[in-house]
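Below is one structure; the comments refer to it alone.
Quantities reported herein were computed from a predicted structural model and do not represent experimental measurements.
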Amino acid sequence: MSRPKRPWSAGWSRTRSPCWTSWPARTWTKRKIKTLTQRLSHLDYKIALIRINQILRGWANYFKHAVAKHTLQRLHTFVWWRVIRWVMHRHRMTWRAIQRWLRTPQGRWKPIELGGIRLFDLGRVSITRYRYRGNAIPSPWPEALIGPTSTA
């Protein structure tokens with residue numbers, strides 16, 4: 001499966017080519033989540049959510065400078081559904097029971113919280129690209145050479 005390629009246009013240069021998340025990285029992350037939320041898993045919710053959050057935070061931190069907003073949101077949706085199905089299977093809950101558990105009286109969805117641990121929301125990770133750093137970039141030249149020098 002190849003990544004989408006953006007055509008070069010005004011404002012894009014070869015030095016600023018966009019980078020995407022790789023297919024193997026997404027696959028391995030999904031595989032790790034699946035092993036933690038297997039239907040026959042007797043892992044405690046607290047331990048499982050701590051490990052899932054560690055995986056998601058690391059993934060988000062690594063890819064927060066890539067073109068990954070849509071990918072992060074899709075991965076969050078995947079993880080949300082895996083955890084919901086896991087809880088439904090372990091407690092023999094119906095979809096209506098899940099809605100009563102995770103919806104506010106106004107109809108909004110609450111974040112999943114099991115054993116006092118809240119599931120990390122990948123969709124809220126801010127993507128920062130091409131951040132202007134200005135004078136924060138250290139000069140490779142010594143301080144003495146920055147000023148005008150006389151060549152006479």
Side-chain angles (χ1 to χ4, degrees), residues 1-140:
M1 193 176 223
S2 66
R3 63 169 175 78
K5 293 179 178 64
R6 180 177 170 90
W8 298 106
S9 60
W12 283 78
S13 66
R14 296 248 177 223
T15 59
R16 278 190 156 188
S17 62
C19 58
W20 286 273
T21 58
S22 66
W23 181 81
R26 290 190 304 257
T27 305
W28 279 105
T29 305
K30 284 183 175 182
R31 210 172 270 170
K32 287 178 189 176
I33 300 300
K34 282 182 181 181
T35 58
L36 286 170
T37 59
Q38 288 176 350
R39 289 185 174 206
L40 298 177
S41 172
H42 297 290
L43 197 59
D44 185 34
Y45 285 131
K46 188 173 185 176
I47 296 169
L49 275 185
I50 287 173
R51 183 65 188 129
I52 289 171
N53 283 345
Q54 287 173 346
I55 293 168
L56 295 181
R57 285 180 197 274
W59 214 79
N61 195 30
Y62 185 78
F63 286 111
K64 70 181 175 185
H65 298 296
V67 180
K69 189 67 174 176
H70 182 70
T71 306
L72 291 178
Q73 184 59 45
R74 285 183 60 190
L75 186 62
H76 173 70
T77 303
F78 170 78
V79 172
W80 191 89
W81 276 108
R82 284 297 298 191
V83 172
I84 289 297
R85 287 188 193 117
W86 186 39
V87 171
M88 284 176 69
H89 181 76
R90 279 181 76 171
H91 295 288
R92 296 184 180 173
M93 296 175 78
T94 61
W95 178 243
R96 276 289 177 209
I98 293 290
Q99 286 180 334
R100 282 193 298 271
W101 171 47
L102 287 177
R103 278 202 172 166
T104 63
Q106 292 79 24
R108 294 183 182 230
W109 287 95
K110 297 187 287 189
I112 296 175
E113 190 169 336
L114 296 167
I117 305 296
R118 182 177 286 186
L119 182 66
F120 179 66
D121 189 0
L122 272 175
R124 294 182 185 250
V125 174
S126 62
I127 304 295
T128 55
R129 297 194 41 111
Y130 312 126
R131 189 170 47 99
Y132 176 73
R133 295 186 293 172
N135 292 334
I137 302 172
S139 174

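Residue T29 holds its OG1 atom at 12.0 Å from CD1 of I52, rounded to the nearest 0.5 Å. How far CG of L102 is from CH2 of W80: 6.0 Å, rounded to the nearest 0.5 Å. With values rounded to the nearest 0.5 angstrom, H91 atom NE2 is found 9.0 Å from I98 atom CD1. Rounded to the nearest 0.5 angstrom, L56 CG and K32 NZ are separated by 10.5 Å. If you take CH2 on W81 and CE on M88, they are separated by 7.5 Å, rounding to the nearest 0.5 Å. In this structure, the separation between CD1 on I55 and CD1 on I50 is 12.5 Å, given to the nearest 0.5 Å.
Across every non-hydrogen atom of T35 and Q38, the tightest pair is O-CG, 3.7 Å. In terms of heavy-atom proximity, T71 sits nearest to R26 at CG2-CD, 3.4 Å. Of all heavy-atom pairs between A48 and W86, the closest is CB-CH2, 3.5 Å. Residues K34 and R82 come closest through the heavy atom pair O-NH2, 3.5 Å. The two residues I127 and A66 come nearest to each other via the heavy atoms CG2-O, 3.3 Å. The two residues T128 and H65 have their closest heavy-atom pair at O-ND1, 2.9 Å.
With a 4.5 Å cut-off on side-chain heavy atoms, L114 and V83 count as touching. Side-chain contact between F120 and V125 is present, with heavy atoms from C-beta onward closer than 4.5 Å. Taking the side chain as every heavy atom from C-beta outward, K110 and W101 never approach each other to under 4.5 Å. The closest side-chain heavy-atom distance from L75 to K30 is below 4.5 Å. In this structure the side chain of V87 never reaches within 4.5 angstrom of the side chain of I112, judged on heavy atoms.
A donor-acceptor pair under 3.5 Å is absent between the side-chain atoms of D121 and the main chain of H76, judged by distance alone. Using a distance-only test at 3.5 Å, with no hydrogens or angles considered, a donor-acceptor pair links the side chain of K69 to the main chain of G123.
Applying the side-chain contact (heavy atoms from CB on, under 4.5 Å) criterion to R96, with sequence neighbours excluded, gives T94, Q99, R100. Under the side-chain hydrogen bond (donor to acceptor under 3.5 Å, both in side chains) criterion, H42 pairs with no residue, sequence neighbours left out.
Counting heavy-atom neighbours within 6.0 Å of R124 CZ, excluding the residue itself, gives a total of 12 or less.
R90 forms a cation-pi arrangement with Y45, by the criterion of a distance under 6.0 Å to the ring centre and an angle within 45° of the ring axis.
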